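These notes are about the structure you will find just below.
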There are 2 protein chains.
Amino acid sequence: MTRRIPQARDRGIPDATVARLPLYLRALNGMAERGTATVSSEDLALAAGVNSAKLRKDLSHLGSYGTRGVGYDVQYLIYQISRELGLTQDWAVAIVGVGNLGRALANYGGFASRGFRIAGLLDADPHVVGDRIAGLVVEHTDELESVIKKRGVSIVVIATPATAAQQVCDRVIAAGVTSILNFAPVVLAVPDGVDVRKVDLSIELQILAFHEQRKANGGPIMAEEWPDGVVM
Amino acid sequence: MTRRIPQARDRGIPDATVARLPLYLRALNGMAERGTATVSSEDLALAAGVNSAKLRKDLSHLGSYGTRGVGYDVQYLIYQISRELGLTQDWAVAIVGVGNLGRALANYGGFASRGFRIAGLLDADPHVVGDRIAGLVVEHTDELESVIKKRGVSIVVIATPATAAQQVCDRVIAAGVTSILNFAPVVLAVPDGVDVRKVDLSIELQILAFHEQRKANGGPIMAEEWPDGVVM
DNA sequence: TCGACTTTGTGCATATCTTCACAAAGGCAC
DNA sequence: GTGCCTTTGTGAAGATATGCACAAAGTCGA
């Protein structure tokens, strides 16, 4: 892990902040569509579902873009956050694995509107290769490296079965990709310098189940912990 | 602020730990399938992609289930984590919104194997109602309340368009549901006591884009911050 | 120009999470 | 037994993140 040496102008935006910026961006876009010109931290925080002090602190990491007594200019803040997140440029994304999930992702409207252009759909199954989905023709995974290079793909989404994920991962990294969004239920091994983010549908349900169980069991004080001899 | 008075057996498991337990569980299941009987914190941490001290501290919140000098019994630990997460019981889940994503979720194998039983698929579109997906017949959202009550649904997955999400949310809460997994790109307003977890596909990509941009711009030290006068 | 009012930006206290490092616990060989 | 070896469980330090509360900065009406 690279040691963070604080620079004169420290550009180290906390991870927790980065994770919330897209949230603010969405809320702001909604406001822009409704014609709102300026917004206070209080209102924006409400719309984004966070505390207003946190919102202000988050935004302060980007710079001082508000006006005291007034609030934030919606359009300007959209621009600043977009720029910080790198959404003012176009990102070519390839989706590997065109099962149910891959299809859903290909058809998901939320990508294109944020500068993510789907530049390739690939699958190993010959029955799927050639299908037209969301305006693209599915290509065979044999073409993976050439698609990445020819179309300047810099982000790859892995939506393959778990068994194929690591191999796909290795190949895209060898082809120069350093940002991967992984939907396969495996922990990918990657070298330093490669970012992997993971979305796991069943993990989210498990976390919900944990809390649901707590609620069902009559609150935080649980009467009997060891109902009866569960022994190794 | 409620002062945390440590109970005799303190049942407050940190959120960060809860979020990782499913990860450990998956790694352990893989080991069990390969016939591994015991595992050290070092090896399990490696398989789960975390640091071994963190793993040990996480597990210590559940109890003292390891053997010094040996490690953890795989089967026993699977049982303990499953129990803690509430996966030893059956959870009835309803999916509202059977578009591309809803279909993908309905067909996702990772649910059933962890005690999540899909008890209902609902959609507002009459063209979709009646379709058979993953062994279930899609029902009309008019039936939402009755499906929840009759089939004992305690977790609802919202995979509708953004515009319909809040309304669906309100209805399922009114019907007694207190755990919601939301895929719609909106911040749901819910009363206290209701848990909402959110999965947002485009947010993950935006976070990747942020880091990718950093890498592309020549590492952590960025030369020119304000290329030229971007002014309000 | 001035004063009342609003809202930002942030210092500071607190809470939460991570990591180190090691004493204590147990297995195992002899 | 006894002593050596391995690995857990955890106290304490450090790192990050959150939230309060308020001074500073700006708007706006008179």
Side-chain angles (χ1 to χ4, degrees), chain A residues 1-6 9-21 23-24 28 31 36-74 76-77 80-81 84 207 231-232, chain B residues 1-6 8-21 23-24 28 31 36-74 76-77 80-81 84 207 232:
Chain A
M1 179 141 339
T2 41
R3 173 131 306 287
R4 284 246 311 97
I5 300 134
R9 186 191 191 92
D10 192 357
R11 302 297 301 153
I13 298 180
D15 286 347
T17 294
V18 173
R20 282 187 294 264
L21 290 180
L23 223 58
Y24 304 152
L28 286 164
M31 289 171 178
T36 311
T38 63
V39 64
S40 69
S41 63
E42 198 69 48
D43 291 350
L44 181 53
L46 192 70
V50 302
N51 162 310
S52 71
K54 180 149 61 181
L55 168 65
R56 287 199 299 276
K57 187 152 286 189
D58 283 343
L59 294 184
S60 78
H61 286 113
L62 311 191
S64 193
Y65 297 142
T67 307
R68 291 165 194 239
V70 175
Y72 300 89
D73 182 279
V74 172
Y76 187 59
L77 197 51
Q80 290 298 344
I81 295 178
E84 197 63 53
I207 296 171
V231 189
M232 285 179 76
Chain B
M1 171 159 340
T2 41
R3 171 129 310 282
R4 286 245 310 96
I5 300 136
R9 186 187 194 95
D10 192 354
R11 303 294 302 151
I13 298 180
D15 286 348
T17 294
V18 172
R20 282 186 296 264
L21 290 179
L23 223 59
Y24 305 152
L28 285 164
M31 289 171 178
T36 311
T38 63
V39 65
S40 69
S41 63
E42 198 69 49
D43 291 350
L44 181 52
L46 193 70
V50 302
N51 159 311
S52 71
K54 180 149 61 180
L55 168 66
R56 287 199 298 280
K57 184 147 287 194
D58 283 344
L59 294 183
S60 78
H61 287 112
L62 312 191
S64 193
Y65 297 142
T67 306
R68 288 164 195 243
V70 177
Y72 300 88
D73 181 280
V74 172
Y76 187 60
L77 197 51
Q80 291 297 345
I81 295 178
E84 196 64 54
I207 296 171
M232 284 179 77

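Quick caveat, the model's predicted, so the values are computed rather than measured. Reminder, nothing fancy here: chain letters follow the sequence lines and each chain counts from 1.
- Annotation: side chain of B/L21 is in contact with side chain of B/L62 (closest heavy-atom distance under 4.5 Å).
- Under the 4.5 Å side-chain criterion, counting only non-hydrogen atoms from C-beta, A/L44 is not in contact with A/V74.
- Side-chain atoms of B/K57 stay outside donor-acceptor range of the base of D/dG9, with no qualifying N/O pair under 3.5 Å.
- At the phosphate of C/dG26, neither OP1 nor OP2 sits under 4.0 Å from any side-chain N or O atom of B/T67.
- Atom CZ in A/R56 sits about 15 Å away from atom P in C/dT6, given to the nearest Å.
- If you take NE2 of B/H61 and P of C/dT16, they are 12 Å apart, rounded to a whole angstrom.
- As a whole-Å value, the separation of A/D43 CG from C/dT7 P is 8 Å.
- Atom pair B/L44:CG and D/dT7:P shows a separation of 14 Å (rounding to whole Å applied).
- Across the protein-nucleic acid pair, A/L55 atom CG and C/dT8 atom P stand 8 Å apart, rounded to whole Å.
- Between the NE2 atom of B/H61 and the NZ atom of B/K57 there is a distance of 7.0 Å, given to the nearest 0.5 Å.
- Looking at every heavy atom in both residues, A/S52 comes nearest to A/S41 through CB-O, 3.9 Å.
- Atoms CZ (A/R20) and P (D/dG19) sit 9 Å apart, rounded to a whole Å.
- Comparing D/dT18, C/dT7, C/dG27 by their nearest atom to the side chain of A/S40 picks out C/dT7.
- Expressed to the nearest 0.5 Å, how far OG1 of B/T36 lies from CG of B/D43 amounts to 9.0 Å.
- Side-chain N/O atoms of B/Y72 include none lying less than 4.0 angstrom from OP1 or OP2 on C/dG26.
- Regarding A/L21, its CG atom lies at a distance of 15 Å from the C1' atom of D/dA17, rounded to whole Å.
- For A/N51, no side-chain nitrogen or oxygen approaches OP1 or OP2 of D/dA17 to under 4.0 Å.
- Residue side chain A/R68 does not reach the base of C/dT7 through any donor-acceptor N/O pair under 3.5 Å, judged by distance alone.
- Taking only side-chain nitrogens and oxygens, B/S41 never comes nearer than 4.0 Å to OP1 or OP2 of D/dT7.
- Within the 4.0 angstrom heavy-atom criterion, base atoms lie near A/A53.
- Among C/dT18, D/dT18, C/dC17, the nucleotide with an atom closest to any side-chain atom of B/K54 is C/dT18.
- A close approach under 4.0 Å does not occur between any side-chain nitrogen or oxygen of B/Y65 and OP1 or OP2 of D/dT7.
- As rounded to whole Å, 16 Å separates atom C1' of D/dA17 from atom CG of A/L59.
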